[in-house]
Amino acid sequence: DFAGLEHLFTAMSSKTPRKEGGAAKTPRAREKVSLLDSKKSQAYAIALSGLKQFSYDQIRQEMMNGDVTHFSSDMLETFIKNAPDDGEWDLLRSYSENVAALGDAERFLIEMSRVQHYKPKLEAMLFRKTFTARMSDIHTQFDALRAALDVLGDERRCRMFRRLLR
């Protein structure tokens with residue numbers, strides 16, 4: 001049994017080319033150029049994984065139109081939180097090398113650099129996306145407040161406050 005295993009492992013190891021140092025030579029993967037810090041790049045890559053079916057141009061068009069259909073609240077919050085500062089925008093806009101060598105986040109943001117007022121537009125989209133849920137919460141809170149005032153009765157101060165709520 002051991003002789004058969006030893007034969008298999010030695011046969012496989014003799015097929016892989018070795019350097020003089022003894023380590024097997026592996027083809028080196030093409031390295032990505034990173035213009036942003038790794039935390040921002042990773043956050044964007046995770047958020048963008050939900051939009052794989054769209055090109056960056058299509059995403060840019062949806063942002064320019066304020067269309068929130070394909071964006072989740074978490075995704076918009078991630079884009080807002082990790083939005084490039086002015087120096088990073090300048091670095092992204094001035095990059096003139098091979099764009100294909102960039103990471104996903106950088107390529108996405110180079111496309112988004114064509115969106116005027118990127119961060120305020122995202123904030124407006126997030127407001128629009130969360131508006132209905134926020135209004136529902138507010139209505140629930142007002143209903144609870146009205147019920148509490150009804151329980152308190154006819155005190156003069158409660159009546160004035162109740163008029164404000166109606």
Side-chain angles (χ1 to χ4, degrees), residues 23 25-152 155 157-166:
K25 184 176 181 179
T26 58
R28 193 175 171 131
R30 193 173 81 170
E31 291 186 25
K32 295 281 184 183
V33 175
S34 181
L35 302 176
L36 302 172
D37 68 19
S38 62
K39 183 180 175 184
K40 279 187 182 184
S41 292
Q42 186 175 17
Y44 266 94
I46 291 168
L48 288 170
S49 67
L51 297 171
K52 285 182 181 179
Q53 68 271 25
F54 302 104
S55 70
Y56 295 153
D57 183 56
Q58 290 171 319
I59 296 169
R60 181 182 55 80
Q61 287 296 326
E62 287 191 14
M63 281 188 182
M64 290 176 71
N65 295 333
D67 185 4
V68 297
T69 308
H70 299 105
F71 298 97
S72 70
S73 299
D74 291 338
M75 187 182 303
L76 292 169
E77 287 172 356
T78 299
F79 290 160
I80 291 167
K81 181 181 175 188
N82 295 291
D85 59 27
D86 291 338
E88 290 169 327
W89 279 124
D90 291 341
L91 183 63
L92 288 163
R93 287 183 187 113
S94 67
Y95 185 77
S96 60
E97 304 291 319
N98 181 12
V99 176
L102 292 173
D104 290 336
E106 287 84 358
R107 283 183 291 159
F108 172 76
L109 287 169
I110 284 176
E111 184 68 32
M112 294 309 113
S113 69
R114 297 171 47 199
V115 175
Q116 291 183 345
H117 312 292
Y118 174 76
K119 190 172 180 178
K121 192 168 288 276
L122 287 172
E123 290 167 343
M125 289 172 69
L126 179 62
F127 180 80
R128 186 173 174 204
K129 185 77 172 181
T130 59
F131 181 77
T132 305
R134 286 183 181 190
M135 288 305 296
S136 177
D137 290 344
I138 289 171
H139 283 295
T140 304
Q141 291 171 357
F142 270 122
D143 290 342
L145 187 57
R146 283 186 193 122
L149 287 173
D150 288 341
V151 169
L152 287 175
E155 263 192 59
R157 286 179 281 175
C158 290
R159 277 185 280 159
M160 289 176 19
F161 193 64
R162 202 173 319 136
R163 283 187 208 140
L164 288 174
L165 290 176
R166 293 180 198 254

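In what follows, residues are counted from 1 in the order of the sequence shown. What you see below is based on every heavy atom in this structure, not just the backbone, and it leaves out hydrogens, waters and symmetry mates. In this text, all values refer to a predicted model and were calculated from it rather than measured experimentally.
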Side chains of Glu106 and Tyr44: closer than 4.5 Å at any heavy-atom pair?
no

Before we go on, tell me: are the rings of Phe79 and Phe108 under 6.0 Å apart, centre to centre?
yes

Beyond-backbone contact of Met75 with Leu51, side-chain heavy atoms, under 4.5 angstrom:
yes

How many angstroms lie between NE2 in His117 and CE in Met64, if you round to the nearest 0.5 Å?
11.0 Å

Reported CG-to-CE distance for the pair Leu122 and Met112, which is rounded to 0.5 angstrom
9.5 Å

Would you say Arg107's side chain and Ala100's backbone share a donor-acceptor pair under 3.5 angstrom?
no

Gap separating the CG atom of Leu91 from the CG atom of Leu36, nearest 0.5 angstrom
7.5 Å

So do the side chains of Thr78 and Ile46 get within less than 4.5 Å of each other, counting heavy atoms only?
no

If you look only at pairs with a residue in residues 118-127, which of them pass as a salt bridge (charged side-chain N to carboxylate O under 4.0 Å, His left out), with sequence neighbours excluded?
none

Heavy atoms from other residues, nucleotides or ligands near CD of Gln116 exceed 12 (cutoff 6.0 Å)
no

Could you work out, with side chain to side chain donor-acceptor pair (under 3.5 Å) as the rule, every residue matching Thr69, not counting sequence neighbours?
Asp67

Pairs flagged by salt bridge (charged side-chain N to carboxylate O under 4.0 Å, His left out) wherever residues 33-61 is involved - sequence neighbours left out
Lys40-Glu88, Asp57-Arg60, Arg60-Glu111

Can you check side chain to side chain contact (heavy atoms under 4.5 Å, CB included) on Leu126 and Phe71, steps first, answer last?
CA-CA 9 Å; Leu126 179 62; Phe71 298 97; over 6 Å; no

How far does NE2 of His70 sit from CD of Gln53, to the nearest 0.5 angstrom?
7.0 Å

Greater than 12 external heavy atoms within 6.0 Å of Asp86's CG
no

Under 3.5 Å: donor-acceptor pair, side chain of Glu62, backbone of Ile59:
no

pair Thr132-Met135: side-chain heavy atoms closer than 4.5 Å:
no

Does the distance from a Lys or Arg side-chain N to an Asp or Glu carboxylate O, for Arg134 and Asp137, drop under 4.0 Å?
no

Side chains of Tyr56 and Ile110: closer than 4.5 Å at any heavy-atom pair?
no

Would you call Val68 and Phe131 a side-chain contact if the rule is heavy atoms closer than 4.5 Å?
no

Do you know the tightest heavy-atom contact between Gly66 and Arg128?
O-NH1, 2.6 Å

